[in-house]
Amino acid sequence: MKIAVLPGDGIGSEIVAEAVKVLKALDLSFEMEEAPVGGAAYEVSGHPLPDSTLNLAKAADAILFGAVGDWKYDTLDRPLRPEQAILGLRKHLGLFANFRPAICYEQLTHASSLKPELVAGLDILIIRELTGDIYFGQPRGRRVATDGHFPGAEEAFDTMRYSRPEIERIAHVAFQAARLRDKRVTSVDKANVLETFQLWKDVVTEVGQHYPDVALDHMYVDNAAMQLVRAPKRFDVIVTGNMFGDILSDEASMLTGSIGMLPSASLNAQNKGLYEPSHGSAPDIAGKGIANPLATILSAAMMLRFSLGQAAAADRIEQAVKTVLAQGFRTVDIAEAGAKTVGTAAMGDAVVAALTAQG
Ligand code: NAD
């Protein structure tokens with residue numbers, strides 16, 4: 001099992017180190033190779049996704065990714081910015097299906113910004129299409145100049161587009177995922193205003209006819225944003241496009257207490273995947289040793305389950321995370337006011353100890 005380890009920028013190296021520590025504590029043999037990505041790669045090679053990193057990612061069975069980005073790169077031409085690395089990996093590897101589970105752990109209901117009774121027991125799965133929509137439309141953004149900058153531009157535009165096959169394949173992913181859960185899919189669109197999302201709605205409805213055992217409903221994105229904070233437990237699987245999914249999944253993260261708890265998997269048609277926390281590089285806390293590594297550790301569990309065929313090991317990690325939460329270990333982002341907190345490495349150590357204690 002060959003894993004490409006791409007820590008990236010900011011807190012990326014801190015949190016990925018803890019996930020690697022946890023993987024090494026399992027009785028499995030992995031070949032792990034690390035490479036720079038994002039701003040870290042730009043610093044050494046002048047490009048956020050150098051060929052050497054892309055080739056390593058292509059050759060691996062799975063990719064464990066930290067996060068990329070830092071405000072200091074905001075003045076670079078857009079193709080050289082760290083975030084382009086993640087878009088490039090998605091595109092080159094065909095990672096079209098993004099799974100973002102939002103689970104509210106019993107011990108963290110207090111950390112949610114919503115009332116405990118609204119989030120207790122929450123377990124929803126957002127499936128976001130990842131390689132289409134306005135983020136990949138052509139022409140993209142402020143097209144005409146070649147240097148990527150348009151000082152004083154009077155107009156800017158981005159193109160939203162989806163094709164029927166792109167919608168069909170993500171819809172199948174959503175219905176199949178729902179079959180393993182509560183068998184309900186909510187497709188989120190903006191069909192009342194956008195042609196792209198009228199097509200989305202029509203195609204999801206057609207695909208749904210192949211899954212008579214799964215209940216399908218449709219919701220406009222503005223309503224979905226509201227329902228997620230009004231009654232989030234009404235959802236089971238949400239399937240939506242790239243941009244709406246980007247926004248709704250961050251909103252859902254706060255239901256669970258902290259974005260530091262949310263893992264994600266981005267899969268291609270062969271189940272090869274890139275696994276990363278849902279959060280970014282958190283430059284505001286980088287280097288302080290206080291970032292929550294649990295989202296990355298839980299992403300490693302998803303990697304074992306989806307790409308490496310090691311479901312039992314994935315279960316063990318998820319159980320170990322529940323154990324450390326029950327034992328009272330808290331990083332600062334999930335701590336109750338006045339509670340004792342641990343740093344990034346101590347949280348990783350606690351997960352390893354809980355794994356070891358499982359025998
Ligand atoms: P962010 O997710 O990095 O941070 C948002 C807030 O959440 C910050 O206050 C941060 O301290 C906190 N936070 C994030 N992860 C945490 C963790 N594990 N533990 C504790 N607190 C945590 O989002 P942002 O500040 O909008 O973006 C920062 C940079 O990250 C930008 O350059 C952005 O482009 C980039 N980014 C990258 C990815 C990615 O690599 N996939 C995703 C989102 C943002």
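Counting starts at 1 for both ligands and their atoms, in listed order. Predicted, not measured: the structure shown is a model, and the values here were computed from it.
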Between Thr53 (side chain) and Pro36 (backbone), is there a donor-acceptor pair under 3.5 Å?
yes

For Lys2, does its backbone N or O pair with a side-chain atom of Asp61 as donor and acceptor, under 3.5 Å?
yes

Ignoring hydrogens and angles, state whether a donor on the side chain of Ser307 or Asn271 is under 3.5 Å from an acceptor on the partner side chain.
no

Will you find, in the side chains of Arg316 and Gln358, an N or O donor that is under 3.5 Å from an N or O acceptor?
yes

Give every pair made of an N or O atom of ligand 1 and a protein N or O atom lying under 3.5 Å apart, one pair per line with both atom names and the distance to 0.1 Å, or write 'none'.
from     : atom 1 : to     : atom 2 : distance (Å)
ligand 1 : 2 (O)  : Gly280 : N      : 2.7
ligand 1 : 3 (O)  : Gly280 : N      : 3.4
ligand 1 : 3 (O)  : Ser281 : N      : 3.2
ligand 1 : 3 (O)  : Ala282 : N      : 2.8
ligand 1 : 9 (O)  : Asp284 : OD2    : 2.9
ligand 1 : 11 (O) : Asp284 : OD1    : 2.9
ligand 1 : 11 (O) : Asp284 : OD2    : 3.0
ligand 1 : 15 (N) : His279 : ND1    : 3.2
ligand 1 : 18 (N) : His279 : NE2    : 3.1
ligand 1 : 18 (N) : Asn292 : O      : 3.0
ligand 1 : 19 (N) : Asn292 : N      : 2.9
ligand 1 : 30 (O) : Ser281 : N      : 3.1
ligand 1 : 30 (O) : Ser281 : OG     : 3.2
ligand 1 : 32 (O) : Asp70  : N      : 3.4
ligand 1 : 32 (O) : Glu83  : OE2    : 2.9
ligand 1 : 34 (O) : Glu83  : OE2    : 2.5
ligand 1 : 40 (O) : Val68  : N      : 2.9
ligand 1 : 41 (N) : Glu276 : OE1    : 3.1

Taking the six-membered ring of Phe96, is NZ or CZ of Arg169 closer than 6.0 Å to its centre and within 45° of its axis?
yes

Contacts of Asp202 that satisfy side-chain contact (heavy atoms from CB on, under 4.5 Å) - sequence neighbours left out
Gln198

